[in-house]
Every structure is written in C-alpha cells, then in structure tokens.
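One structure below.
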Amino acid sequence: MTAPADLSVVEDAEAQARFEDLIAQDSRIEPRDWMPDAYRKTLIRQISQHAHSEIIGMQPESNWISRAPSLKRKAILMAKVQDEAGHGLYLYSAAQTLGISREEMTQQLIEGKAKYSSIFNYTTPTWADMGAIGWLVDGAAICNQVPLCRASYGPYGRAMIRICKEESFHQRQGFEILLELMQGTEAQRRMAQEAVDRWYWPALMMFGPPDDQSPNSAQSMAWNIKRFSNDELRQRFVGMLVPQAEVMGVTLPDPNLKWNEAEQRYDMSEIDWTEFHEVLAGRGPANAERLRRRREAHEEGAWVREAAAEYARKQALKQKAVA
Ligand SMILES: [Fe+2]
Ligand SMILES: [Fe+2]
C-alpha cells in the first residue's frame with residue numbers, strides 16, 4: 001500500500017509534468033492549475049510591482065490636471081490618469097488569483113517594502129513633461145507590455161490586452177502634446193526639448209539592466225512570461241522613437257545614437273546605471289514624496305473601504321434573509 005506522503009509526491013510529479021507540458025505547448029496556465037512555487041512567486045512579484053507602478057504613476061501626472069492649458073487637455077489628462085488607476089486594479093486582481101490579498105500588497109507598498117517602476121520617482125516641472133511622459137514612458141510601457149499579452153499566466157496576459165489598448169492612446173496623446181509644442185513659439189519648443197532630455201534616459205532604463213546583468217530574465221523566458229530580453233526591447237523602443245522624433249523635430253539626447261547597418265541595431269551611449277540604482281534604492285528626486293502621498297491617500301480612503309465592507313455585510317444579511 002502506498003503511504004499518503006508518497007502519493008502526494010507522485011501527484012506532484014504528475015502536476016509538474018502537466019505544467020511543463022502546457023509551457024512547452026505555449027498554452028496558458030490558469031489559477032486552478034498546479035504551478036511551481038517559484039513560478040507563483042515570480043508572478044506575484046512581477047504583477048504586484050506592475051500594479052504598484054500604475055498606481056504610483058498617477059501622481060506625476062495628476063500634479064498637472066488642475067494646471068492643464070485648456071479644457072480639452074484637462075479632460076484628456078484626467079481620462080488618462082483614470083485609465084492608470086484601472087490598470088492598477090486589473091493587475092491587483094490578477095495577482096490576487098495567485099493567492100495574495102489586495103491588503104497585503106497595499107501594505108507592502110505603503111510600508112516601502114515593495115518596488116515600483118523607478119521612472120515615477122522623477123518630477124514634472126513643466127506641462128511638456130506630460131507630453132514626454134506619454135510619448136516616452138507610456139511608449140516604453142507598450143514595448144514592454146505588448147509581448148506580455150502572450151504571458152503564460154492567463155489572468156496576467158488577459159489584463160495586459162486591455163491595458164495595451166489604453167497605453168497606445170496614452171502614447172499618442174503624449175506625442176500630440178509634444179508635436180503641438182514643437183509647432184509653437186521658440187519658448188514652447190525649448191520646453192518640449194527639455195522635457196524630452198529629462199525623460200529619455202530614465203525611459204530607456206525602464207527595460208531594466210543589460211542582458212548580461214539581468215539574472216532573472218532567463219527563467220522568466222523559459223516560463224514564457226518574458227518573450228524578449230531587456231536589450232532587445234530597448235532596441236525596439238529606440239527604433240520606434242527615431243522616426244517619431246524626426247516628425248516632431250525633437251532631438252533624442254544621445255550624440256552616439258545611430259543605426260548600425262552591419263549589425264542591424266542602434267548604437268547608443270552607455271546608460272548611467274548608477275543613477276538607476278540610486279533611484280531604485282529610494283534616493284530619486286521624488287521617492288519619499290510618492291510614498292508619503294500614497295500613504296496619505298490610503299488613510300483618507302479608509303472610510304470608503306469601511307463603508308463598502310459595511311454595505312457588503314448588509315447585502316449578505318439581506319440575501320440570507322431572503323433564502
Ligand atoms: Fe498604465
Ligand atoms: Fe499609460
């Protein structure tokens with residue numbers, strides 16, 4: 001007779017084989033499926049960091065809603081910032097299917113234990129920063145996220161499909177803000193160029209360290225979570241920017257940027273990774289401010305959460321009475 005402990009080992013081996021089979025066939029893994037612990041942990045980390053980035057990412061732009069230069073710009077910017085809140089919510093929901101609660105994720109963020117994209121720790125001193133964020137930051141997000149629509153974990157991939165549609169609108173609105181400024185006065189053109197200068201390098205850093213210094217990439221690629229390496233995505237991004245920069249008349253702030261015909265890639269200057277690590281370590285221009293504001297918003301929202309919980313409790317009581 002087989003002891004229960006042995007039985008579970010056999011079941012695990014079968015489940016593991018099923019998992020590997022699904023990955024080999026490039027199929028989706030769903031919440032009901034068995035998955036290795038490391039796969040689950042990687043996804044929880046990646047999806048929750050992504051959700052936090054969407055939520056913290058609302059701050060540098062919401063800063064400009066009340067100062068947008070026209071009613072049309074204000075309405076567009078408000079819609080965009082609301083979209084980011086929605087992205088955060090889809091992603092928190094996707095992470096919850098892996099067994100972590102929303103409260104736990106929020107707690108990790110407000111206690112400063114969770115990471116989010118370092119790009120949102122930069123400040124937005126002028127209106128042109130709204131253009132540069134849309135064009136460069138949402139543009140980089142698209143390059144990163146389109147391949148994630150095919151991520152092996154079903155709820156993540158499906159959330160990304162909706163998110164990517166909205167990100168392309170965000171990228172277009174940023175492009176259009178910059179284009180309009182570039183067709184304006186000398187001062188407006190200067191403002192647009194300075195914003196591009198501020199955001200270009202941090203946007204390139206959004207793809208993460210170079211391939212030879214990215215230890216988790218290989219495993220994520222083997223699991224069909226990640227489809228392209230950091231450097232491949234960075235190349236694609238620059239390839240998208242170059243013709244668009246020409247249309248607008250802005251200069252990408254890299255004197256060494258040029259197409260290398262022999263290698264079929266862009267040559268570019270070395271990225272300043274010291275800056276990236278400083279911002280990641282919490283020493284960027286606005287890290288403390290972003291977390292302070294997030295904590296404040298969480299406290300201010302306590303009554304909403306309490307009211308929603310109380311409403312749900314009463315509804316459940318009513319249903320019970322009917323049954
Ligand atoms: Fe987003
Ligand atoms: Fe966006």
Side-chain angles (χ1 to χ4, degrees), residues 43 45-65 68 72-96 102 105-106 109 114-124 127-151 153 155-179 195-196 198-200 202-208 225-226 233-234 236-237 240-241 244 286 290 293-294 297:
L43 280 167
R45 195 190 60 235
Q46 180 170 339
I47 303 174
S48 63
Q49 282 179 11
H50 193 162
H52 298 326
S53 305
E54 301 281 357
I55 297 298
I56 296 284
M58 295 164 74
Q59 290 187 37
E61 288 174 293
S62 60
N63 177 32
W64 275 93
I65 291 176
K72 184 183 105 176
R73 291 293 180 201
K74 191 190 288 269
I76 295 172
L77 189 59
M78 274 174 76
K80 192 224 182 230
V81 173
Q82 275 181 345
D83 282 352
E84 307 299 6
H87 297 173
L89 298 187
Y90 307 147
L91 290 164
Y92 280 130
S93 301
Q96 280 175 276
R102 174 86 180 271
M105 288 185 275
T106 307
L109 176 63
K115 285 205 184 100
Y116 56 84
S117 179
S118 59
I119 192 91
F120 300 117
N121 292 313
Y122 289 85
T123 54
T124 47
W127 168 251
D129 290 301
M130 299 303 97
I133 288 184
W135 185 47
L136 296 169
V137 177
D138 292 272
I142 294 171
C143 287
N144 250 329
Q145 293 172 8
V146 166
L148 287 174
C149 295
R150 293 189 293 124
Y153 188 57
Y156 191 31
R158 288 188 288 274
M160 291 319 305
I161 293 172
R162 169 104 184 248
I163 290 174
C164 282
K165 286 184 185 159
E166 294 177 346
E167 296 299 0
S168 23
F169 151 71
H170 298 170
Q171 203 255 355
R172 294 302 300 174
Q173 66 89 38
F175 176 87
E176 213 236 330
I177 289 174
L178 289 178
L179 182 67
V196 170
R198 267 195 291 282
W199 292 91
Y200 178 75
L204 287 191
M205 293 175 201
M206 284 173 71
F207 297 94
I225 298 173
K226 200 173 165 70
L233 290 168
R234 209 170 352 251
R236 282 180 168 220
F237 177 56
M240 180 182 89
L241 295 182
Q244 295 183 2
R290 297 291 180 250
R293 180 68 201 114
R294 182 65 197 89

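Each ligand, and each atom within it, is numbered from 1 in the order the structure gives.
In summary, Glu54 places an N/O/S atom under 2.8 Å from the Fe ion (ligand 1), meeting the contact criterion. For residue His87, an N/O/S atom approaches the Fe ion (ligand 1) to within less than 2.8 Å.
Nearest N/O/S atom of Glu84 relative to the Fe ion (ligand 2): this is OE2. The nearest N/O/S atom of His170 to the Fe ion (ligand 2) is ND1. Nearest N/O/S atom of Asp138 relative to the Fe ion (ligand 2): this is OD1. Residue-level check: among N/O/S atoms of Glu167, OE1 sits closest to the Fe ion (ligand 2).
The aromatic rings of His50 and Tyr156 lie perpendicular to each other, with more than 60° between the two planes, well past the 30° mark.
Side chains of Gln173 and His170: a donor-acceptor N/O pair is absent below 3.5 angstrom, by distance only.
For the pair Arg172 and Phe169, the cation-pi test (distance below 6.0 Å, angle within 45°) is failed.
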(request) Could you please spell out the steps behind the side chain to side chain contact (heavy atoms under 4.5 Å, CB included) verdict for Gln171 and Met240? (result) CA-CA 12 Å; Gln171 203 255 355; Met240 180 182 89; 3.6 Å; yes
(request) Would you sort out whether Gln59 and Phe120 count as a side chain to side chain contact (heavy atoms under 4.5 Å, CB included), showing the intermediate values? (result) CA-CA 8 Å; Gln59 290 187 37; Phe120 300 117; over 6 Å; no
